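Contents: one structure, followed by commentary.
As a basis for the values below, the full set of heavy atoms in this structure was taken, side chains included, without hydrogen atoms, waters or symmetry mates. In each ligand, atom 1 is the first atom listed, and ligand 1 is the first ligand listed. None of these values were measured; they are calculated from a predicted model.
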Amino acid sequence: MATTAAATKPKRNRAKEYLKNWVPYRIKRYWLFLIVTVVALVLPFIKINGNHFFLLNFDHKQLHFLFVRFDMQELYLMPFLLMMLFLGIFFMTTLGGRVWCGWACPQTIFRVIYRDLFETKLLHLRKRITNKQQEPDWSKPENKAKEGVAILLWSILALIAAADFVWYFVPPEDFFRYIQNPAEHTVLIGFWLGIALFLIVDVVWLKENFCIYICPYSRVQSVMYDDDTIMAIYDYNRGGHIYDHEGQDSKKLVHNVKELHEREPDAECTACESCVKVCPTHIDIRQGMQLECINCLECVDACTKVMGALGKESLVRWTSPREIEKGEKTHYLRPRTIAYAVALTLVFGALLWMGTKKEHMLLNINKTAQLYRFTHDGKVVNDYTFLFQNTDNKPHEYYFKVEGHPDIRILRPTKPFKLAAGKKAKKIVVLWATKPLAKDTRKDTPIPIKIKAFAVDDPQKIVVERNTVFVYPRWDIAQQHMKKAE
Ligand code: SF4
Ligand code: SF4
């Protein structure tokens, strides 16, 4: 007896020491929630050279990405962004399971604010953060009033969160201007209030059912899992078998520690159910991996506390099936994760490269239906419509030159023209042949030329080249007109 007591003491001391330095995942997650929230709120207000970090602005038909502005004509970047999004999801899920859900998803952050901060800490509607199964006692009228306060507080935050979402489509500078004039911006106001209303219904009434039944990510994530994917896992080798097998249809074999020890004398689970009580999606992690698990790691914290007090390691850990089942180290670098990482890097590289190819002006050239015409003094001219667009964020003066043939010159316009930032201008352009260019008497001769358009004030950076043709008429027709003009 004395030996047992002596052996228990250092163990307890070790446990105390361990728990003293232990920082629950919950606290780490709260810090990340704070960082994510601040970044999401501040980012729309940060501008470099008048451009946002990310803005998909349908109003001005622009995409801002990494503080570079692209016009809708330049949306060749969108497929790369979508590829990055999907590859990023595949990579993250294969490596860390539903790490997004537990650590950064707005739904999880909102629920923590509403349930754990408002309902539990502030209004004491719920007794403890560590018991999410116990619903408030709705028979008490004061609890209904408190719930009203919680909904009111959340409604204010929902309006801010919805506005923050809208700011990635309508920049804050426009948003605040538009809402001062609601009658003229009913669509925007409708979207904003609609999103806020959805957030209220979602967070107050749908709760984690959104993650379980609505969120498409929960449906697809399990197919990306493998033996090395990190997730919250119960160690049944140490803890014992509480269920007959994994999954929803498994049967609970033991309900208390006595039953467990009768079946498996060495099993360490105390059957305290702390890991079950704390689970926001109301599952029992000891049943194995389940679609409902949002990787919040609250069960890991709960068991760490229980087992830590006994001087033991937690039975529920954030680890891989390989570590639990085979006792081997997790393989973070494996063909799938390497392939995703390489693909992600390539797409990101391509995106950056495409970004550097951004044209600071746009030019569309249309040749008129009449292939050529003659002026009263016998000149052969071709007419074009040039559509210029200044995609830079300051005004510029534009002009152009003809390359590819020294005898084709500009007749009109005769001088550069100014274009404000973001504006378009249609210009009628007339080119003429300074001398005969072809002497084919059977057909007209198309002559390839290159138009080099540029900003006069910054011709090195703001320059585009377009190919087109100058059509020279049949030589006999050209000669007739030349003679007439003499
Ligand atoms: S089982 Fe429940 S508590 Fe544990 S990580 Fe999953 S959702 Fe969170
Ligand atoms: S918290 Fe740990 S000890 Fe308690 S029931 Fe869950 S797994 Fe068992």
**Study point:** Identity and distance of the protein heavy atom lying nearest atom 2 (Fe) of ligand 1
**Key:** Cys279 SG, 2.3 Å
**Study point:** Ligand-residue contact atoms, ligand 1 with Cys296, heavy atoms, under 4.0 Å
**Key:** 3 (S), 5 (S), 7 (S), 8 (Fe)
Exercise for review: Give the residue and atom name of whichever protein heavy atom lies nearest to atom 8 (Fe) of ligand 2, and the separation in Å to one decimal.
Suggested key: Cys269 SG, 2.3 Å
Review point. Heavy-atom contacts under 4.0 Å between Leu297 and ligand 1: side chain, backbone, both, or neither?
Key: backbone
**Study point:** atom 6 (Fe) of ligand 1: nearest protein contact (heavy atom, Å)
**Key:** Cys293 SG, 2.4 Å
**Study point:** Proximity to ligand 2 by part of Glu273, non-hydrogen separation under 4.0 Å
**Key:** backbone
Review point. Any idea which part of Asn295 is under 4.0 Å from ligand 1, heavy-atom wise: side chain, backbone, both or neither?
Key: backbone
Review point. Going by heavy atoms in the side chains, are His245 and Lys251 under 4.5 Å from each other?
Key: no
Review point. Can you find a pair of side-chain heavy atoms, one from Val316 and one from Ile233, that are under 4.5 Å apart?
Key: no
Point to revise | Check: Tyr234/Asp284 side-chain N/O donor and acceptor closer than 3.5 Å | key: no
Exercise for review: Indicate yes or no: at least one non-hydrogen side-chain atom of Gln133 is less than 4.5 angstrom from one of Val278.
Suggested key: no
Review point. Can you name the closest pair of heavy atoms from Asp301 and Arg26 and give their distance?
Key: OD2-N, 2.8 Å
Exercise for review: May I ask you to check if any N/O/S atom from Cys272 comes under 2.8 Å of atom 2 (Fe) of ligand 2?
Suggested key: no
Point to revise | For Thr270, the ligand 2 atoms whose distance to one of its heavy atoms is below 4.0 Å | key: 3 (S), 4 (Fe), 8 (Fe)
Exercise for review: Could you list the atoms of ligand 2 found under 4.0 angstrom from a heavy atom of Cys275?
Suggested key: 1 (S), 5 (S), 6 (Fe), 7 (S)
Revision key, fill the gap. Here the atoms of ligand 1 under 4.0 Å from any heavy atom belonging to Ile294 are 6 (Fe), 7 (S)
Point to revise | N/O/S atom of Cys299 inside 2.8 Å of atom 2 (Fe) of ligand 1, strictly under | key: no
Review point. Against heavy atoms of Ile285, which atoms of ligand 1 measure under 4.0 Å?
Key: 1 (S)
Check your understanding: Which class fits the ring pair Tyr236 and His241: parallel under 30°, tilted 30 to 60°, perpendicular over 60°?
Key -> tilted
Revision key, fill the gap. Counting heavy atoms under 4.0 Å, the part of Thr281 that contacts ligand 1 is side chain
Review point. So, Gln287 and Ser250: side-chain donor and acceptor under 3.5 Å apart, yes or no?
Key: yes
Point to revise | N/O donor-acceptor pair under 3.5 Å between Trp192 side chain and Leu159 backbone | key: yes
Practice item. Among His64, Glu173, His52, find the residue that satisfies the side-chain hydrogen bond (donor to acceptor under 3.5 Å, both in side chains) test when tested with Lys47. Key: Glu173
